[in-house]
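The structure under discussion appears below in the form of structure tokens.
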Amino acid sequence: MVTAVAYRLATQHAERQRVLDTLRLSREQLLEVKRRLTEEMARGLSKQTHDQTSVKMLPTYVRSTPDGTVEQGDFLALDLGGSSFRVLLVRLKNEKKQKVDMHQKIYSIDQDTLQGTGEELFNYIVYCIADFLDYRGMSGASLPLGFTFSFPCDQTKLEEGILLKWTKGFKASGCEGKDVVKLLKEAVQRKQDFDTDIMAVISDTVGTMMTCGFDDRHCEIGLIVGTGTNACYMEQMRNLQLMDGDEGQMCVNTEWGAFGDDGALEDLRTDIDREIDAGSLNPGKQLFEKMISGLYMGELVRLILVKMARKQLLFQGQTTPQLLTSGCFSTNYIYAIESDKDEEGLASAEKALRSLGLDPSAEDCAATRRICQIVSTRAAHLCASTLAAVMRQIRDNKAAEKLRITIGVDGSVYKGHPEFSRKLNKMVRRLVPDCDVRFLQSQHGSGKGAAMVTAVAYRLATQHAERQRVLDTLRLSREQLLEVKRRLTEEMARGLSKQTHDQTSVKMLPTYVRSTPDGTVEQGDFLALDLGGSSFRVLLVRLKNEKKQKVDMHQKIYSIDQDTLQGTGEELFNHIVYCIADFLDYRGMSGASLPLGFTFSFPCDQTKLNEGILLKWTKGFKASGCEGKDVVKLLKEAVQRKQKFDLSFVAVVNDTVGTMMTCAYQDPKCELGLIVAGTGTNACYMEEMHNIETVEGNEGRMCVNVEWGAFGENGELDDFCTEFDYAVDEASNYPGKQRRYEKMISGMYLGEIVRHVLMDFTTKGLLFRGKLSERLKTRGIFETKFLSQIESDRLAMRQVRSILQHLGLTGSTCDDSVLVKEVCSVVGRRAAQLCGAGLAALVDKIRQNRNLNQMSITVGVDGTLYKTHPHFSRIMQETLQDLAPQCEVTFLKSEDGSGKGAALITAVACRLKSEQSL
Ligand code: BG6
Ligand code: BG6
Ligand code: GLC
Ligand code: GLC
């Protein structure tokens, strides 16, 4: 008899074990789960597979964990989606370090509201906020709000969240596919009790990570095991293929609750799991969550109890109506039953079973306790596997041998279950042995984290608005650009007119170049000098007549030191002559006597080609005793002093003219020369003689050197200028000169404008963490090449940052780099647009001179800024096209500098001279 009973019990026990065995997972199986989630995560991050995957890996627009910046202010937080709905007031104070005061009130949401219409749900939420404000004596207050909304949301920014689907116990209609921020705003408007700025919508995982990250800077994972389960972590932007940009990090909400929804876990799911899914609010969805989280754990146990009772393995085969009612076995029972004190646990089991109308034996109670243990262990172990996958991803991202990481965690199961956290911790350590992991339980829910995110967003939004306000002063409207064109047209007319020429800023200097190359083939050896650009060159240009014109060029670049540039004129010209002598030596032509084309890139009054009275130095030149003198004479005097060689003829050519001629040699339609350089900007064009009142004669054309760099010197552009333009002018070599147009366009000044804007932002605490470095105070650090590099689309932000570091601006963050790039872009765009507006004035003038309705023309162009800047030419051309639609303009980059053009001009002049003397 005893044997028979013992046998029956043993068989029942074995049979129960068999049922429970299906819920036990081996280490291999857990590693396999980890592997599969790793795969799913990769699919979720990838652009191609994102749509098909069940693990959505949603970008959260939270870009960093708390970084020690102290925030301040009062914030509201809503916490919806966990076991309780809360409204919170979070006070962030700056008292030595960050201090946080929190006040909260929990509100219940009844089943009808959870599963009614969306409007009802959001009305209720707003009602609760109003009640909370009342209760805190703050009725009608308008505070920024952070919304912890614990459901999967598609975000394109922090303050927007399109609900993808309800999960857990929520099912309010008309919300899926909608922006929950908008739904909340609409409800606030309906109620009209208070106003609020909804700054952020975040997942509870993110709120938890941020709450914990506040206390532990290694916290880069947020984990929830509560009503539902989910995790978020800090991912590298470069892995977020759905997002633009590859610099820095962003928190990703994995939404791992949906893991398995595509069948990935079928071999591990049991009949019980299928049954629970079938009876849920969302069959087929959140399959992983249903094996783990609090909403389902009690139900899993109940279904096992029913199954065993039906198999005569428990309760002597008895069931009760309560046992058969879904939801009757609360997850809280499990917490009590699994108490680490056996007796207490068994007593709790008996109590729970009796509350279901059962009359359990000691064996039934022990078996129930065992079932609870198996179910919760499976949950903890599955959770460990998925956590291991996330940790591995972070470790791989950091390429760290041993990862040190903290996991911020919250949720009723983790907190309430006596064994869950220990089992989870233990299995995580077994699955990822090479990680130094710490679990940090959130003591403040996700509200604190939500408030932190909101505070940062609020501060950033305020700062963004302030920065945009400043940058807006550097943005020009189409009307303003048209006005620039109009005013330049007016100044050009005044420059050409005899009466007004002296008062105008735009000098319209005659160049005595009467035509562009007309196909006549020239011959001979010519020297050329190129002074005034970024490098000083001496050239030998050989013009040959071989069927058509052939040009051979040899050049040598010489440096001119600062002392010479700003010393006496005699020193400067001695140096130039020394360089020519050296060059002739180097070419084996010592003692030669050649004609020379002198590209002299400064404004000169000319009455003939071989004379140029320097009106004023511009750019970085300042040699004394030159202004008002003929530079040909200064050069020849220096040649005589040296007595090493002779110059038979010297033509003075502005760089714009040289460039136009160089390009016209290639394209006869080139009748305009443009320089957009590191130091200056200017243009020349072929004007009708009868319009040039300052020169005798009405026939034909002459090239006019506009000298537009000085446009604005009489205040013509003051209303478009910013405080930065004034500051740059005042600190320049020639305050008040070349003021406005050149100082708004050429590279050196753009760098200075950028630097002044950055200094302003830094002083206002909007950049470089408010630290104004000595380096940033240094004039000239932003050379043209850096502007061009920073704006290059091919550069990742990381590289921009390294440029800043190279410039000595160390300690800049990724956001700083983004901002510096934006400043460069705004300043660069304005320059390109202004230049486009100027060109529009020029081409329309030429078109009108010729009485043409439509005209096509080529512009020969040179200069470091134009050639190296990634966007300048495009923006300039777009503006030009917009402002001068009747002209079809082609741009031809000069590849040979202006030396070739200067030599051609000299050759023609020498030929004409010798023809005349015949
Ligand atoms: C809380 C968070 O602490 O944990 C909630 O503030 C979150 O946002 C919750 O949803 C998860 O736990 P549970 O058990 O309430 O679902
Ligand atoms: C060169 C011309 O190609 O371009 C120079 O030969 C001119 O005369 C120069 O001044 C302008 O560009 P940058 O940027 O080199 O001064
Ligand atoms: C569900 C939700 C998810 C949330 C989790 C924990 O899985 O879909 O967004 O984070 O529950 O509350
Ligand atoms: C300055 C000079 C001008 C020159 C330009 C480009 O504006 O005054 O003559 O063409 O720089 O180098």
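Indexing begins at 1, ligand by ligand and atom by atom, following the structure's order. Position 1 is the first residue of the sequence; numbering continues from there. Since this is a predicted model, take the numbers as computed values, not measurements.
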(request) Keeping the roles fixed (side chain from Asn654, backbone from Pro603), state whether a donor-acceptor pair exists under 3.5 Å. (result) no
(message) Give me the atom names and distance for the closest heavy-atom approach of Thr60 to Met250.
(response) N-SD, 3.8 Å
(request) For Asn705 and Cys684, indicate whether the former's side chain and the latter's backbone hold a donor-acceptor pair under 3.5 Å. (result) no
(message) For ligand 2, give me the residues whose heavy-atom distance to it is below 4.0 Å, by chain and number please.
(response) Asp530, Gly533, Ser534, Arg537, Thr599, Ser601, Asp655, Ile675, Ala677, Gly678, Asp862, Gly863, Thr864, Gly897, Ser898
(message) Given Asp655, which partner from the list Ser601, Ser894, Ser898 fulfils the side-chain hydrogen bond (donor to acceptor under 3.5 Å, both in side chains) test?
(response) Ser601
(message) Show the atoms of ligand 1 that are less than 4.0 angstrom away from any heavy atom in Ser412.
(response) 12 (O), 13 (P), 14 (O)
(message) Please enumerate all residues that pass ring pair (Phe, Tyr, Trp, His ring centres under 6.0 Å) together with His417, with sequence neighbours excluded.
(response) Tyr335
(request) Could you list which atoms of ligand 1 come closer than 4.0 Å to a heavy atom of Gly226? (result) 12 (O), 13 (P), 14 (O), 16 (O)
(request) Using a strict 4.0 Å cut-off to heavy atoms of Thr227, name the atoms of ligand 1 that fall inside it. (result) 13 (P), 14 (O), 16 (O)
(request) Give the ring-plane orientation class for His575 versus Phe536, where under 30° counts as parallel, over 60° as perpendicular and anything between as tilted. (result) tilted
(message) Quick check on contacts: which atoms of ligand 1 are under 4.0 angstrom from a heavy atom of Ile224?
(response) 11 (C)
(request) Would you mind listing which atoms of ligand 1 come within a distance below 4.0 Å of any non-hydrogen atom of Gly445? (result) 3 (O), 6 (O)
(message) Looking at Asp896, is its backbone amide N or carbonyl O close enough to the side chain of Thr662 to form a donor-acceptor pair, meaning the two atoms are under 3.5 Å apart?
(response) no
(request) Compare every heavy atom of Thr229 with every heavy atom of Glu289, then report the nearest pair and how far apart it is. (result) OE1-N, 2.9 Å
(request) Under 4.0 Å from a heavy atom of Ser446: give me the atoms of ligand 1 that qualify, with their elements. (result) 2 (C), 6 (O), 8 (O)
(message) Can you confirm whether more than 12 heavy atoms, excluding those of Lys616, are under 6.0 Å from its NZ atom?
(response) yes
(request) Report yes if Lys415 has an N/O atom closer than 3.5 Å to an N/O atom of ligand 1; otherwise report no. (result) no
(request) Sequence neighbours left out, what passes ring pair (Phe, Tyr, Trp, His ring centres under 6.0 Å) with Phe891? Give chain and number order. (result) none
N/O to N/O under 3.5 Å, ligand 3 against protein:
| unit_1 | atom_1 | unit_2 | atom_2 | d |
| --- | --- | --- | --- | --- |
| ligand 3 | 7 (O) | Thr229 | O | 3.3 |
| ligand 3 | 7 (O) | Gln286 | NE2 | 3.4 |
| ligand 3 | 7 (O) | Glu289 | OE1 | 2.4 |
| ligand 3 | 8 (O) | Thr167 | OG1 | 3.0 |
| ligand 3 | 8 (O) | Glu255 | OE1 | 2.8 |
| ligand 3 | 9 (O) | Ser150 | O | 3.3 |
| ligand 3 | 9 (O) | Phe151 | N | 3.3 |
| ligand 3 | 9 (O) | Glu255 | OE2 | 2.4 |
| ligand 3 | 10 (O) | Asp204 | OD1 | 2.6 |
| ligand 3 | 10 (O) | Asn230 | ND2 | 2.9 |
| ligand 3 | 11 (O) | Lys168 | NZ | 3.0 |
| ligand 3 | 11 (O) | Glu289 | OE1 | 3.4 |
| ligand 3 | 12 (O) | Lys168 | NZ | 2.7 |
| ligand 3 | 12 (O) | Asp204 | OD2 | 2.4 |

(message) Using only atom types and a distance under 3.5 Å, with no angle test, would you say the side chain of Tyr741 pairs donor to acceptor with the backbone of Leu834?
(response) yes
(message) When you measure from the side chain of His871 to the backbone of Glu791, do you find a donor-acceptor pair of N or O atoms at a distance under 3.5 Å?
(response) yes
(request) Record the part of Asp410 in heavy-atom contact with ligand 1 below 4.0 Å; permitted values are side chain, backbone, both and neither. (result) side chain
(request) Measure from the side-chain N and O atoms of Thr211 to the backbone N and O of Gly445, and report whether any donor-acceptor pair falls under 3.5 Å. (result) yes
